[in-house]
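All remarks here apply to the structure that follows.
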Amino acid sequence: MKDYATLRDIQLDLSRNAITCEDIVKHHLSIIKSQAHLNAFLSVFETEALHQATLIDKKVKAGTAGKLAGLVVGIKDVLSYQHHPVQAGSKILDGFIAQYNATTIQRLLDEDAIIIGRQNCDEFGMGSSNENSAFGPVLNSIDTQRVPGGSSGGSAVAVQTGMCRIALGSDTGGSVRQPAGFCGVIGLKPTYSRISRYGLIAYASSFDCIGIFGTQVEDVARVLEVIAGPDEYDSTVSQKPVPKYSDEIHQPSKKRYRIAYFNETSNSSGIQEEVKSTLFNTLDKLKESDNTLHAIDFPLLEYTLPTYYILATAEASSNLSRFDGVRYGYRSAATTNLESLYKKTRTEAFGKEVQKRILLGTFVLSASYYDAYYTKAQKVRQLIRNKIKEILSNHDFIIMPVSPTTAFKLGDHTTDPLEMYLADLFSVLANVAGVPAISVPCSVDSLGLPIGMQVLANDFEEKELLQFSDYLMKLN
Ligand code: GLN
């Protein structure tokens, strides 16, 4: 198959009969097969995807195909696709079949996207390397000794290698942007409440966002405009109208931007030199193109990671209480009474990281520590949001690295959890503040490993964020 830059190019050829959806699906299936050792997919819906393709090919001929005809999508194993398995990368959901479609999945299908399979991830989205999956780690195709990032590692690698054109992941503290950065693709986390969470397996509900992986800003924009917007099944979704992002990304409303960056991100000693120099090169190029740059002190940055880990684990301990061996998936065989059924099921089927987080979250919510940790973290979260909103009222964007280093080796951070949590240092900020953020591939280090730049924008400014990302990618 020809190397198509964008979905628009594919659709042009579909309308000219130069290619069929069946050809496209076969193309992706062959890559999935040849790259099976990367462990990116947990299920491949081969027969179904091919069948779907023939139906959409008929619609293309009849001129009735939807906006996403020709698009092949993979979904992280946290999104419900009716009659298909969904397990959040966990043994506790062994054998569980989704009862209904997540709103995002329904909207993709309604516009004739083809869902090719479900993708490996860290258990319940808890991780930064995809090493916490009950199905084994995902490997980064650039260097298979290295992690793809997490928790949506399977989705990032699938897009990186062309197993699918677009993947949907979830981003609670960076799980779309960080693996996108490690794999050299685009990863968008929209504003909290822009996209319905109906049918997304919850990790930390006040942070969880469905995000989009792609290689082209235009494709990401097109998918966003299809899946975003009000939903009667999720009352937390914003009622704000959804712009036609894909029509507008190539015509920036502004030619010059006011951009902030933090002294704390550029001075920090824990950042890999090449990540730092990529940040400065990007800033220099932006300055040369007449944009205004401001270095800002953001001392709250050091509180962002602890705030995230206190609140996210608290919410997780509550959300994961539903997996009790009675209602879903796995049930221990060695139980004697109800209490042992709960205990044994949860002990046998939750992985170590998930257990640790449930314990930590339950601790910060316990009566004696609630005010000292949970209430305090809520207050700090508000301070962080206020400060970010203030900065974004004077600037169009904030620029920072996606993560302090490029992709690390498998096993490098598995012994010390703090080292692993530090990989999220820059990505949790957008979730704590609730604002949209994107990871854009910018450069590579001396080993050829991708370096992503992160851009944060004000609430609901996805259009501006996508326009700027397009500009940034052309600048590099
Ligand atoms: N790495 C972070 C965590 O483990 C973020 C995960 C995510 O965004 N799902 O919590």
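Start at 1 and go down the list; that is how both ligands and their atoms are numbered.
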>> Run the salt bridge (charged side-chain N to carboxylate O under 4.0 Å, His left out) test on E123 and R357 for me, step by step, so that the C-alpha distance in whole Å, both residues' side-chain angles and the decisive distance to 0.1 Å come before the verdict.
In response: CA-CA 11 Å; E123 188 176 1; R357 295 197 191 195; over 6 Å; no
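The closest protein non-hydrogen atom to atom 5 (C) of ligand 1 is Y308 OH, 3.4 Å. For atom 7 (C) of ligand 1, the nearest non-hydrogen atom of the protein is S175 OG, 2.4 Å. The nearest protein atom to atom 2 (C) of ligand 1, hydrogens excluded, is given as D424 OD2, 3.2 Å; this is a heavy-atom distance.
Ring planes of F323 and F124: tilted class, angle from 30 to 60°. Between F408 and H413, the two ring planes are tilted [angle within 30° to 60°].
When all heavy atoms of S193 and F460 are compared, the closest pair comes out as OG-CZ, 3.6 Å.
The ring of F363 has its center closer than 6.0 angstrom to the ring center of Y373.
Atoms of ligand 1 lying under 4.0 Å from at least one heavy atom of Y203, given by number and element, are 3 (C), 9 (N), 10 (O). Ligand-side atoms of ligand 1 in range of D171: 8 (O), range being under 4.0 angstrom from any heavy atom. Residue-ligand proximity, S151 to ligand 1, at heavy-atom distances under 4.0 Å covers atoms 9 (N).
Residue contacts with ligand 1 include R357, since one of its heavy atoms falls under 4.0 Å from the ligand. Ligand 1 is never approached by Y421 to a heavy-atom distance shorter than 4.0 Å. Residue contacts with ligand 1 leave out A312, since none of its heavy atoms falls under 4.0 Å from the ligand.
Taking distance alone, with nitrogen or oxygen atoms compared against 3.5 Å, G127 approaches ligand 1 more closely than that limit. Looking at M126 next to ligand 1, no N or O pair under 3.5 Å apart turns up. Between S128 and ligand 1, at least one pair of N/O atoms sits closer than 3.5 Å. Polar contact with ligand 1: absent for K76 (N/O pair, distance under 3.5 Å).
For the pair L200 and T104, the minimum side-chain heavy-atom distance is 4.5 Å or more.
Comment: D171 does not engage K76 in a salt bridge, judged by the lack of any side-chain N to carboxylate O separation of less than 4.0 angstrom.
Judged purely by distance below 3.5 Å, without hydrogens or angles, the side chains of Q178 and S403 never pair a donor atom with an acceptor atom. A donor-acceptor contact under 3.5 angstrom links the side chains of D208 and T172, judged on distance only.
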